[in-house]
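This structure is a prediction, so every number in the text was calculated from the model and none was measured.
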Amino acid sequence: MSNHLRTQSLVFGIPWPELNEGLFYSDVVPHSDSELTLIDFYSRKYKNSAPLQGWLQRIQNGQISVDGRVVKDPNTILSGDSVLVYHRLPWKEPDVPHLLEVLYEDDDMVALNKPSGLQVLPGGLFQQRTVLTQLCWSVKKQNSTLNSQETHPVPVHRLGRGTSGILLCAKTKVAKTRLAAYFADGTSRVGATRKAERSGTRKISKIYRALVTGILVDDKVIINQPIGIVRYPGVAKGLYVASPSGKPALSKVEVLERDEKQNCTLVQVEIESGRPHQIRIHLSFIGHPLLGDPLYIAGGQPRCFDPELVDESFAQDGGYQRPTNPVPGDCGYYLHAHQLVLSHPTTNEMISITAPLSSILQTSDEANGSLGSMSVNSAN
């Protein structure tokens with residue numbers, strides 16, 4: 001192929017600083033909100049960020065400015081078109097890995113081996129300690145000249161924080177558009193109602209390894225349980241669960257090995273759609289949650305569920321306390337994005353990428369014969 005191809009193992013990453021840089025959030029007051037007090041504006045618009053008392057603390061702490069002037073009086077009356085800026089103070093994010101392995105790279109894309117525990121994009125407690133930050137830092141380190149206009153690669157899909165394995169990133173706008181379309185197409189095909197709509201060649205195929213609780217009786221299982229959202233404490237946008245009124249999702253499960261002594265089953269899962277936490281939800285739905293999953297239990301529902309429970313206590317920074325109940329970002333389960341086959345976004349070559357397996361996700365034969373090692377292949 002004409003692209004510059006890197007298939008040798010390369011590991012990169014910069015250790016995380018003790019504290020992140022904090023964040024600045026800007027708002028322009030709409031005329032419909034003029035005459036509101038400062039505390040009313042924030043406690044109503046951003047009630048998912050902090051309770052009323054938390055916002056009072058932030059205002060009185062001098063973390064909010066109005067038109068460039070720090071305001072500590074929560075009863076300050078706002079005017080239309082005023083510019084508000086909230087400064088979220090720097091904080092220490094939870095410890096996570098910082099090293100990333102490159103599995104494949106050319107001029108258009110790069111495939112990384114994401115470790116379990118590292119979040120892909122900023123969100124919640126993790127605003128700096130993410131894959132995206134390491135990609136940005138890597139490009140800056142390689143191009144330290146001030147006139148460099150090169151942009152950093154961008155992930156085109158997500159993996160759960162506790163999920164390890166292949167993460168595909170685009171290096172150009174064209175590649176980003178086409179790769180994102182590959183993932184979207186797979187999900188839309190699952191939702192097609194007519195067989196004709198699901199015909200045609202798929203541009204991408206994703207295969208995962210997972211270790212589940214219990215012994216699966218059938219060698220192969222197809223799960224087409226829809227996935228929807230419910231209110232859940234500590235998850236502002238809601239929690240994804242198995243729901244008859246949810247969106248279509250399809251997972252194909254194949255048993256690789258059964259361990260009667262440990263009461264667990266090693267499986268391979270191919271997903272044709274890409275709903276959030278799909279594999280965790282689908283396997284728990286059929287009564288076999290991922291081993292160590294702190295959140296999902298049999299039926300595809302959360303372990304602790306009280307949608308009306310709201311903890312109004314707040315942390316040191318004024319925000320909500322970290323939930324005591326499990327949340328989607330909690331780790332502990334065994335799920336690995338093992339294989340990815342795709343049509344190259346510019347050459348249309350078929351590219352096959354494999355991420356190494358940890359010993360716990362290898363079959364006995366693989367463990368004895370080292371069949372879980374990395375490989376990258378391309379064919380016309």
Side-chain angles (χ1 to χ4, degrees), residues 103 109-114 116 118-121 123 130-132 153-170 175-193 197-210 221-230 235 237-243 245-254 267-286 290 293 295-296 300 328-329 333-345 351-355:
L103 300 174
M109 62 183 187
V110 56
L112 304 175
N113 188 10
K114 185 189 86 69
S116 174
L118 182 59
Q119 192 157 296
V120 175
L121 300 176
T130 66
V131 172
L132 186 64
V154 178
V156 294
H157 65 113
R158 297 196 191 198
L159 293 179
R161 189 168 82 85
T163 304
S164 59
I166 302 169
L167 178 70
L168 198 58
C169 305
K176 179 183 177 182
T177 299
R178 292 179 181 174
L179 291 172
Y182 290 177
F183 286 95
D185 180 64
T187 300
S188 64
R189 283 171 181 267
V190 171
T193 54
E197 291 178 312
R198 294 182 62 177
S199 63
T201 304
R202 291 169 59 201
K203 294 284 189 177
I204 195 165
S205 176
K206 300 164 287 183
I207 296 177
Y208 291 72
R209 283 286 179 95
V221 181
I222 294 178
I223 309 170
N224 57 7
Q225 169 64 34
I227 293 175
I229 301 177
V230 295
V235 183
K237 295 181 179 179
L239 179 70
Y240 288 90
V241 298
S243 170
S245 60
K247 294 181 179 180
L250 179 65
S251 302
K252 298 179 179 179
V253 182
E254 181 177 346
V267 298
Q268 171 178 292
V269 185
E270 180 179 5
I271 59 172
E272 294 193 9
S273 52
R275 306 297 178 197
H277 315 301
Q278 176 174 320
I279 294 175
R280 297 170 66 187
I281 294 169
H282 271 181
L283 287 168
S284 64
F285 176 75
I286 63 171
L290 269 61
D293 192 331
L295 177 59
Y296 292 105
Y333 54 89
Y334 298 96
L335 180 60
H336 182 71
H338 180 41
Q339 294 175 317
L340 187 70
V341 178
L342 74 154
S343 173
H344 192 278
I351 306 293
S352 176
I353 305 170
T354 303

Side-chain touch C169/L112, heavy atoms, less than 4.5 angstrom
yes
If you draw the axis of the six-membered ring of Y333, does the NZ or CZ of R280 fall within 45° of it and under 6.0 Å from the ring centre?
yes
Any side-chain heavy-atom pair from I229 and K237 closer than 4.5 angstrom?
no
So, applying side-chain contact (heavy atoms from CB on, under 4.5 Å) with H282, which one of V269, V253, I227 is it?
I227
If I compare all heavy atoms of P328 with all of H277, which pair ends up nearest, and what's the gap?
CB-NE2, 3.4 Å
Measure the spacing between CD1 of I223 and CD1 of I286 and express it to the nearest 0.5 Å.
4.0 Å
Under 3.5 Å, is there a donor-acceptor pair between the side chain of K114 and the main chain of R161?
yes
Within a strict 4.5 Å, meaning less than it, do heavy atoms of the Y296 and L290 side chains meet?
no
Which atom pair, heavy atoms only, marks the closest approach of A355 to G165?
CB-CA, 4.4 Å
What heavy-atom pair brings S164 and L159 nearest, and what distance separates the two atoms?
O-CD1, 4.2 Å
Nearest 0.5 Å please: distance from the CD1 atom of I271 over to the OH atom of Y208.
4.0 Å
Any donor-acceptor pair under 3.5 Å linking the side chain of T130 with the backbone of L121?
no
K206, NZ: over 12 other non-hydrogen atoms inside 6.0 angstrom
yes
Note, L239 side chain near L295 side chain (heavy atom, < 4.5 Å):
yes
Given 3.5 Å as the limit, does a donor-acceptor pair link the side chain of H157 with the main chain of A180, or not?
no
Residues that E270 engages under salt bridge (Lys or Arg N to Asp or Glu O under 4.0 Å), provided they are two or more places apart
R202
CG-CG distance between N113 and L103, expressed to the nearest 0.5 angstrom
5.0 Å
Can you find a heavy atom in the side chain of P248 that is under 4.5 Å from one in the side chain of P226?
no
For K247, enumerate each residue passing the salt bridge (Lys or Arg N to Asp or Glu O under 4.0 Å) test, keeping only those at least two apart in sequence or located in another chain.
none
Residue pair R158 / T163, side-chain heavy-atom distance below 4.5 Å:
no
Just do the side chain to side chain contact (heavy atoms under 4.5 Å, CB included) check on Y182 and D185 with the steps written out, would you?
CA-CA 5 Å; Y182 290 177; D185 180 64; 5.9 Å; no
CD1 of I281 to CZ of F285: how many Å apart, nearest 0.5 Å?
11.0 Å
Nearest 0.5 Å, what's the CD1-OG1 distance between I166 and T354?
6.0 Å
Taking everything shown except Y334 itself, do over 12 heavy atoms lie less than 6.0 Å from its OH?
no
Holding to side chain to side chain donor-acceptor pair (under 3.5 Å), I want the full list of residues that pass it with Q278, two or more places apart in sequence or in another chain.
S251, S273
How about K203 and L342: do any of their side-chain heavy atoms sit closer than 4.5 Å?
no
Just wondering, do Y240 and R275 contact through their side chains at under 4.5 Å, heavy atoms?
no
Heavy-atom closest contact (G162 atom, S116 atom, distance):
O-OG, 2.9 Å
Minimum heavy-atom separation for Q225 and S243, please, with both atom names.
NE2-N, 3.3 Å
Nearest-0.5 Å distance, CD1 of residue I204 to CD1 of residue I351
11.5 Å
